[in-house]
Amino acid sequence: MVKTDTDAFRRTLGRFTTGVVAVTGLTELNEPTGLAVNSFTSVSLQPPLVSFCAARTSVTWPRLRGTGRICINILSEHQQDVSRHLSARGGDKFRHLSWSPSPSALPVLDGALAWLECSLTAEHAAGDHDIVVAHVDHLASDLTTAGPLVYYRGSYSELRT
């Protein structure tokens, strides 16, 4: 048995495959911004709730939180570059990204497998992250046959079906 330390914890949890989503929105200045997240999950069917975790060190999350509305884009296997752009610190994260507006004008990334337009309902402190709970107001999915973007053992991977 290995004592729990940050590296051992990261390696062990890296054995769990996660999907990758982009949490997008508009700033108070009406500019698109977003962040990549691999801690997304459904919470409830009635009411329709989802959650994800945002790092407390994130500069982007406070800008999105302030508006109370977000769009969660489920990324396809071809969108590693989108995830990398949104994972980077600083700069114009949307400079090289194409998108169209959701019903409430939030950024839906071109090529995403699905999107969920949400209202923020709760946020819970949890260590070095915040657990965010959101109510799904609108959603849509693409009928593409592309697979999801997945993350496994510290890198992007393909889902083999």
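Put simply, Val21 and Trp61 are part of the same group of oily side chains (I, L, V, M, F, W, Y) that touch within less than 4.5 Å, one to the next. Val37 and Val43 are not part of a single hydrophobic cluster, where members link through side-chain heavy atoms under 4.5 Å apart. Note: the hydrophobic cluster containing Leu120 also contains Val136 (ILVMFWY, side chain heavy atoms under 4.5 Å, direct or indirect links). Put simply, Val23 and Leu116 are part of the same group of oily side chains (I, L, V, M, F, W, Y) that touch within less than 4.5 Å, one to the next.
Listed here is the closest heavy atom pair of Glu117 and Ser104: OE2-N, 2.9 Å. For Arg56 against Ala126, the heavy-atom pair with the smallest separation is NH2-N, 3.7 Å. Scanning all heavy atoms of the two residues, the minimum distance from Gly34 to Thr60 falls at O-CG2, 3.4 Å. Between Ala146 and Leu113, the shortest heavy-atom distance links the atoms O-CD2, 3.7 Å. Pairing each heavy atom of Leu109 with each of Asn73, the nearest pair is N-OD1, 2.8 Å. Here the closest non-hydrogen pair linking Trp99 and Pro107 is CE3-CA, 3.3 Å.
Cys53 is not listed as a side-chain neighbour of Val132, based on a closest heavy-atom distance of 4.5 Å or more. A heavy-atom distance below 4.5 Å is found between the side chains of Val50 and Phe40. Contact of the Pro148 side chain with the Glu77 side chain is not registered, since no non-hydrogen atoms from C-beta on lie closer than 4.5 Å. Taking the side chain as every heavy atom from C-beta outward, Thr67 and Thr27 never approach each other to under 4.5 Å. When side chains are defined from C-beta on, Glu123 does not count as touching Val133, because their heavy atoms never get closer than 4.5 Å. Considering only heavy atoms from C-beta on, Phe52 comes within 4.5 Å of Ile72 through its side chain. A 4.5 Å side-chain heavy-atom check between Arg69 and Asp137 finds at least one atom pair inside the cut-off. At a threshold of 4.5 Å between non-hydrogen side-chain atoms, the residues Leu106 and Val108 do not count as touching.
How far CG of Asn38 is from OG1 of Thr18: 3.5 Å, rounded to the nearest 0.5 Å. In this structure, OG on Ser58 lies 8.5 Å from CZ on Arg65, to the nearest 0.5 angstrom. The distance from atom NE2 of His85 to atom CZ of Phe94, rounded to the nearest 0.5 Å, is 11.0 Å. Summarising the geometry, atom CG belonging to Asp142 is positioned 11.0 Å from atom CD1 belonging to Ile74; distances are rounded to the nearest 0.5 Å. If you take OG on Ser39 and OH on Tyr151, they are separated by 12.5 Å, rounding to the nearest 0.5 Å. Taken from CG in Leu64 to CG in Leu35, the straight-line distance is 6.0 Å, to the nearest 0.5 Å.
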ask   = side chain to side chain contact (heavy atoms under 4.5 Å, CB included) between Val150 and Val20: does it pass, once the steps are laid out?
value = CA-CA 6 Å; Val150 296; Val20 183; 6.0 Å; no
key: side chain to side chain contact (heavy atoms under 4.5 Å, CB included) between Arg63 and Glu31, intermediate numbers included   = CA-CA 10 Å; Arg63 297 174 75 201; Glu31 297 169 339; 3.9 Å; yes
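For the residue pair Ser83/Tyr156, the side-chain donor-acceptor check at 3.5 Å is satisfied. A donor and an acceptor atom, one from each side chain of Thr57 and Asp128, are nowhere located under 3.5 Å apart.
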